[in-house]
Structures are given as C-alpha cells and as structure tokens.
Amino acid sequence: MRIATWNVNSIRARLDRVTAFLARHDIDVLAIQETKCRDDQFPHLPFEAAGYEVAHVGLNQWNGVAIVSRVGISEVEVGFEGMPGWGDPVNAEARAISAVCDGVRVVSVYVPNGRSLEDPHMAYKLDWLSRLRDHAATRLDVSPDEQVVLMGDWNVAPQDEDVWSMAFYENRTHVSEPERAAFRAVVDAGFSDVVRPHTPGPGVYTYWDYTQLRFPKAQGMRIDFALGSPALAARVTGAFIDREERKGKGASDHAPVIIDLA
DNA sequence: ATGGTTGTCCTACAA
C-alpha cells in the first residue's frame, strides 16, 4: 500500500496537479493539508471519478484537511480529543482529520504555524502539539498494536540539517527549542519518523518559500513528516519526497511525501 | 530590477 501526505495550498487551485499526482504514483491514500475551502466547496467529483472516497473538514478559507482513499475510509474523526482552538471566541480549527484506510489509521495534521516566537499563535502551536502527543500516546497505550500514521505539515524543522541555513532561522519559528521539544515528544511517545531513514539529509527538504527564489536556490525546509506507530513503522519498505511537484507553473510551496507499506 | 510569491471570503491577511 502506498500512502502520501501533501500540503497543497488550496485544493481548488491544485486540483489537476493532485489528481495527476495520484495517478502518476499510483497512490492509495493521500492526506491533504491546507485545502483552503469549506466542505461544500471541496471538489468531490474529480476524486470520486478517479476511484477515491473523500473525508474533509474545512470551515472557511483557512486551513482545511482531508483524506482521500481508494482502499476504503471508515471511522472518520474530525479533530482529536483535547485539540485546542484559536480565536476570539476560541473555536476549533480545521487542522486534523483521521480515518481508517485498509487497517491503517491515517491522521492528516496541519500544525499551527506559530507566526513569530512572541506571537500568541506560538503558544497555540506548542499547546496543539502537546495535546496531539497526549492524544496519540493515550491511543497507543490502549491499542499498542494499532497501525497509526500521523502525517502532514508539522511546521517544525526538528534538526539543524532540516533548514538551508541555521543563521537565517536564528530567532525565527520552526527551529526553536520549544518547537523541537514538542515534536520530539511525539516521537518519544512511540511515533517514529518513517521517511528520514529512506531520505537522509542534509539538503533534503519538503517546503520552499514562494518568495526569494527559494526553490531554484535549494533553500528549503523539511517540515512535512510521517510519524508511524511501531506496528505501522514495521511495515514501511520505502519513502520519498517528490521534488518534481515543486517545479513549474501552479506548484504548491510544499512537495508531497510518499511512504510504501509491505 | 537593489526586486524577484501565492491563495483566499481578493486591495488584508496568512503562510
């Protein structure tokens, strides 16, 4: 089985690219982030025509996450127990959705950006990650043999080699110790990075800013990850990042990350 | 050319 994750930066703007990607790589399940649409705006028909079922949550023009699967999709959960909210008044955002696809619980996550180290959004980001860890750890405690993959845009570069320049990121988000500790806590709860062993760095990235010619200059960040429970990790036979999808007209600023399961 | 982005509820804001 082949599972992928991709921050598409608008599913409507990226529709042709996404459906072509599914076909080109023979993808069974795709976790999508930043659909940037409400449920009623999601383009269900093109996916159904290609043989995929869709689970999506989108509340407005921001965020929005989905799972599309051609191997079944059941036990859909929007958000997760204890997921923090944002805004005034505080409301849940469309940043997590999960479903069981052919025996694997796929969780599509779009971790809050943080905006700046001092911004209230950073505290939200850290709380969100902490609550995700707690939820995932609890689930794993109850069902240690469950196949779970937490995949998506984590908005954290866990290691120095995951950014093109640590000097550039000094006093910026994504590389701060609290963010890295929050990411590490999820790993320490039993969810290992199943992609890095197959795509060693340095210089391996999943995101390149649209501005400043970051992609042609190879100035990116590795911030999109698939973290697997022990039972899931044991099935992983390979993984790759499709840099080709960052090229050309109409590209997302993120590249898809693909994993293969035995 | 001292800049050079993209998406959305599009001229503001998020990333």
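Numbers restart at 1 for each chain; the letters A, B, ... are given by sequence-line order, proteins then strands. None of the values given here were measured: they were computed from a predicted structure.
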For this session: By nearest nucleotide on DNA chain B, pick out whichever of G250(A) and G114(A) is the more 5' one.
Result: G250(A)
Problem set entry | R12(A) side-chain proximity, nearest of dT6(B), dT8(B), dA15(B) | dT8(B)
For this session: Quick one: label Y110(A) by what it contacts on the DNA or RNA (base, sugar-phosphate, nothing), any heavy atom closer than 4.0 Å.
Result: sugar-phosphate
Exercise. How is D209(A) classified with respect to the nucleic acid when contacts are heavy atoms under 4.0 Å: base, sugar-phosphate, or nothing?
Worked result: nothing
For this session: Figure out the NE2/P separation between H254(A) and dT5(B), and round it to whole Å.
Result: 18 Å
For this session: Kindly point out which of dG7(B), dA15(B), dC9(B) is positioned nearest to the side chain of N9(A)?
Result: dG7(B)
Problem set entry | Listed nucleotide nearest any side-chain atom of L213(A), set dC9(B), dG4(B), dT5(B) | dG4(B)
For this session: Output the single nucleotide from dT8(B), dT6(B), dA15(B) whose closest atom is nearest the side chain of Y210(A).
Result: dT6(B)
Exercise. Between atom CG in D224(A) and atom C1' in dA15(B), what is the gap in whole Å?
Worked result: 13 Å
Problem set entry | Rounded P spacing from dG3(B) to dT8(B) in Å | 28 Å
Problem set entry | Distance-minimising heavy-atom pair for H198(A) and V236(A) | NE2-CG1, 4.0 Å
For this session: Would you kindly give the NE2-to-C1' distance between H121(A) and dA14(B), to the nearest whole Å?
Result: 9 Å
Exercise. Atom CD of Q219(A) and atom P of dT5(B): how far apart are they, to the nearest Å?
Worked result: 15 Å
Exercise. Nearest heavy-atom pair of A66(A) and S108(A): which atoms, and what distance?
Worked result: O-OG, 3.4 Å
Exercise. Rounded to the nearest Å, what distance is computed from the CG atom of residue L15(A) to the P atom of nucleotide dG7(B)?
Worked result: 14 Å
Exercise. For the hydrophobic clusters of this structure (ILVMFWY residues joined by side-chain heavy atoms under 4.5 Å, transitively), does one cluster hold both F80(A) and Y110(A)?
Worked result: no
Problem set entry | Carboxylate-amine/guanidinium contact R24(A) E245(A), below 4.0 Å | yes
Problem set entry | Spacing between N155(A) atom CG and dA15(B) atom C1', to the nearest angstrom | 8 Å
For this session: Between dA14(B) and dC9(B), how far apart are the P atoms? Round to whole Å, please.
Result: 16 Å
For this session: Consider the side chain of Q61(A), meaning its heavy atoms from C-beta on, and name the nucleotide among dA15(B), dT8(B), dT6(B) that approaches it most closely.
Result: dT8(B)
For this session: Mind calculating the distance between CZ (F215(A)) and P (dT6(B)) to the nearest angstrom?
Result: 14 Å
Exercise. Between the main-chain N or O of V8(A) and the side-chain N or O of R14(A), is there a donor-acceptor pair closer than 3.5 Å?
Worked result: yes
Seminar exercise, completed: Per atom distances to the Q212(A) side chain, the nearest of dG4(B), dT5(B), dC9(B) is dG4(B)
Problem set entry | Between dG7(B) and dT2(B) - C1' atom distance, rounded Å | 27 Å
Exercise. When the distance from NZ of K36(A) to C1' of dC13(B) is rounded to whole Å, what number comes out?
Worked result: 10 Å
Exercise. Which part of the nucleic acid, if any, lies within contact of T211(A), taking any heavy atom under 4.0 Å across all strands shown: a base, the sugar-phosphate backbone alone, or nothing?
Worked result: base
Exercise. Taking the side chain of R115(A) as heavy atoms from C-beta outward, which of dT6(B), dA15(B), dC9(B) is closest to it?
Worked result: dA15(B)
Exercise. Under 3.5 Å, side chain of K125(A) to main-chain N/O of N113(A), donor-acceptor pair present?
Worked result: yes
Problem set entry | Separation of the C1' atoms in dC10(B) and dT5(B), to the nearest angstrom | 15 Å
For this session: Give a yes/no on whether any side-chain N or O of Q41(A) is located under 4.0 angstrom from OP1 or OP2 of dT8(B).
Result: no
